[in-house]
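Written out below as structure tokens is the structure these notes cover.
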Amino acid sequence: MKAPTALLQRLSRFPRLRGNRLLVVVMTQLGDFDSLEYAQALVPALPELEAAGIQLQAFGIGDQRSGERFCSYTGFPVENLELERSAHLHRELSLYRGLEVPGGPWPALLLMCAGIGSPGTLKEVLRGYSGDRNAPERLAGPGLFSLLGQGYLRPFELATVRLNNMVEVLSHWSTYVPDDRFLTQRGATYLMEPDGTLLYCHQDQGILGFSETMARPLAFLDPFL
């Protein structure tokens, strides 16, 4: 099965990507929890991707200021991020727009955060507070969480990461979200061969659902690294 034509056409604009196995991440709004967490999962894996001959290309909704702030905060490489001022690519790929209700994106976003039209969101939020022994720790080193143990995701640890992300975004809201029409738009992940043959595809169905395995968001890459 081939990757969507709209995506292949977009990727053809980047000569550096030709002839390589590709990991393509279509992110949500750059101020979205999912975009930030996905970037924070990808950055430590960049050396492994390079060693495996996998080129990374991400697309995110925002403008130049959004991209600069996002990359500065997360460490995501600027050269691997293409900015989309609207959700045009997402719509071409028929990705989930999120809940659509009267009143615009804000009421829809609040409902999705409550799990309405956003399957798995509440479960994932609760995991952030309860911890997860099947997930790696996120805040390594000495500190309060080290008292609870090491080598796994401790209670409130992921919730703390998300709180830090939220404070960052709210402190620079107009930078991260220059256009709030796309707050509920979800993204997708594609792993493909150089000829466009799909090896893996995941389309998000809700907030905090950028991976099928949120405990280990990049588990789908294991067979290829």
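What you see is a predicted model; the values in this text were computed from it and never measured.
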> After noting the C-alpha distance and the side-chain angles of Glu37 and Phe210, does the key distance pass the side chain to side chain contact (heavy atoms under 4.5 Å, CB included) rule?
Replying inline: CA-CA 9 Å; Glu37 284 194 35; Phe210 61 85; 3.7 Å; yes
>> The test is side chain to side chain contact (heavy atoms under 4.5 Å, CB included); show your working for Gln55 and Leu22 and say whether it passes.
In response: CA-CA 5 Å; Gln55 287 269 18; Leu22 299 177; 3.6 Å; yes
>> Run Gln40 and Arg138 through side chain to side chain contact (heavy atoms under 4.5 Å, CB included) and show every step you take.
In response: CA-CA 10 Å; Gln40 289 165 338; Arg138 294 293 302 273; 3.6 Å; yes
>> What verdict does the side chain to side chain contact (heavy atoms under 4.5 Å, CB included) test give for Glu82 and Leu89, after you've listed the backbone C-alpha separation in whole Å, the side-chain angles of each residue and the deciding distance to 0.1 Å?
In response: CA-CA 11 Å; Glu82 180 75 4; Leu89 175 61; over 6 Å; no
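Counted within 6.0 Å of CZ on Arg16, heavy atoms from surrounding residues, nucleotides or ligands total more than 12; the atom is thus considered enclosed. By the 6.0 Å contact criterion, CD on Glu50 is open, its count of non-hydrogen atoms from other residues, nucleotides or ligands being 12 or less. More than 12 non-hydrogen atoms from other residues, nucleotides or ligands lie less than 6.0 angstrom from NZ of Lys2. For Phe14, the CZ atom is densely surrounded, since the number of other residues' heavy atoms within 6.0 Å is greater than 12. Crowding of Arg91 atom CZ: a count of heavy atoms from other residues, nucleotides or ligands under 6.0 Å exceeding 12.
Counting heavy atoms from C-beta on, the side chains of Leu56 and Val25 come closer than 4.5 Å. No side-chain heavy atom of Leu148 sits less than 4.5 Å from a side-chain heavy atom of Glu157. In this structure, the side chains of Glu168 and Tyr176 come closer than 4.5 Å at one or more pairs of heavy atoms. In this structure, Tyr190 and Leu198 have side chains that are in contact, with non-hydrogen atoms separated by less than 4.5 Å. Annotation: side chain of Phe70 is not in contact with side chain of His172 (no heavy-atom distance under 4.5 Å). The shortest distance between side-chain heavy atoms of Leu23 and Phe224 does not fall below 4.5 Å. Looking only at side-chain heavy atoms (C-beta outward), Tyr152 and Arg154 come within less than 4.5 Å of each other. Inter-residue side-chain proximity for Asp34 and Leu208 is flagged as met; some heavy-atom pair is nearer than 4.5 Å.
Residues Phe59 and Tyr38 fall into different hydrophobic clusters, defined by Ile, Leu, Val, Met, Phe, Trp and Tyr side chains chained together at heavy-atom separations under 4.5 Å. In the hydrophobic clustering of this structure, Leu42 groups with Leu30; members are Ile, Leu, Val, Met, Phe, Trp, Tyr whose side-chain heavy atoms approach within less than 4.5 Å, directly or through other members. The cluster map of Ile, Leu, Val, Met, Phe, Trp and Tyr, joined by side-chain heavy atoms under 4.5 Å apart, puts Leu170 and Phe182 in different clusters. In this structure, Leu36 is a member of the same hydrophobic cluster as Val161, with clusters built from ILVMFWY side-chain heavy atoms closer than 4.5 Å. Residues Leu17 and Val78 do not share a hydrophobic cluster, clusters being chains of Ile/Leu/Val/Met/Phe/Trp/Tyr side chains in contact below 4.5 Å.
Between the CD atom in Gln203 and the OG1 atom in Thr189 there is a gap of 10.0 Å [rounded to 0.5 Å]. One finds the CG atom of Asp222 at 4.5 Å from the CZ atom of Arg216 (value rounded to the nearest 0.5 Å). Atom CD of Glu193 sits about 4.0 Å away from atom CZ of Arg21, to the nearest 0.5 Å. The structure places CZ of Arg162 at 13.5 Å from CZ of Phe156, a figure rounded to the nearest 0.5 Å. To the nearest 0.5 Å, atom CD of residue Gln205 and atom CG of residue Leu95 are 9.0 Å apart.
Formation of a donor-acceptor pair under 3.5 Å by the Thr175 side chain with backbone atoms of Arg65 is not found in this model. Judged purely by atom type and a 3.5 angstrom limit, His90 uses its side chain to pair as donor or acceptor with the backbone of Met27. Counting only distance, with no hydrogens or angles, the side chain of Asn165 and the backbone of Phe33 share no donor-acceptor pair below 3.5 Å. Checked by atom type and distance alone, the side chain of Ser211 pairs as donor or acceptor with a backbone atom of Thr213 at under 3.5 Å. Within the 3.5 Å criterion, the main-chain N or O of Asp63 finds a donor-acceptor partner in the side chain of Ser66. Side chain of Asp132 to backbone of Asn134: a donor-acceptor contact under 3.5 angstrom is found. In terms of modelled atom types and a separation under 3.5 Å, the side chain of His202 and the main chain of Gly209 share a donor-acceptor contact. Listed for the Asn80 side chain is no donor-acceptor partner under 3.5 Å among the backbone atoms of Ala58. Listed for the Asn20 side chain is no donor-acceptor partner under 3.5 Å among the backbone atoms of Ile54.
Nearest heavy atoms, Thr28 versus Gly187: CG2-N, 3.5 Å. Listed here is the closest heavy atom pair of Arg18 and Ser12: NH2-O, 3.0 Å. The two residues Leu83 and Gly62 come nearest to each other via the heavy atoms CB-O, 3.8 Å. When all heavy atoms of Gly103 and Pro107 are compared, the pair lying nearest together is O-CD, 3.5 Å. Residues Thr121 and Cys113 come closest through the heavy atom pair CG2-O, 3.9 Å. When all heavy atoms of Ala52 and Leu225 are compared, the pair lying nearest together is CB-CD2, 3.9 Å.
Screening Gln57, Glu84, His88 for a side-chain hydrogen bond (donor to acceptor under 3.5 Å, both in side chains) with Arg10, the sole residue that qualifies is Glu84.
In this pair, Trp173 and Trp106 present their aromatic rings tilted. The plane angle is within the 30 to 60° band.
Note on Arg186 versus Asp32: salt bridge recorded, some NZ/NE/NH1/NH2 to OD/OE distance being below 4.0 Å. A salt bridge links Arg127 with Glu124: the closest approach of a Lys/Arg side-chain nitrogen to an acidic carboxylate oxygen falls below 4.0 angstrom. Using a 4.0 Å cut-off between charged side-chain N and carboxylate O, Arg181 and Asp179 make a salt bridge.
Leu110 belongs to no hydrophobic cluster, as no Ile, Leu, Val, Met, Phe, Trp or Tyr side chain comes under 4.5 Å of its own. In the hydrophobic clustering (ILVMFWY side chains linked at under 4.5 Å, chained through shared members), Leu147 is joined by Leu144.
With sequence neighbours excluded, the residues forming a side-chain hydrogen bond (donor to acceptor under 3.5 Å, both in side chains) with Asp195 are Thr197, listed by chain and number.
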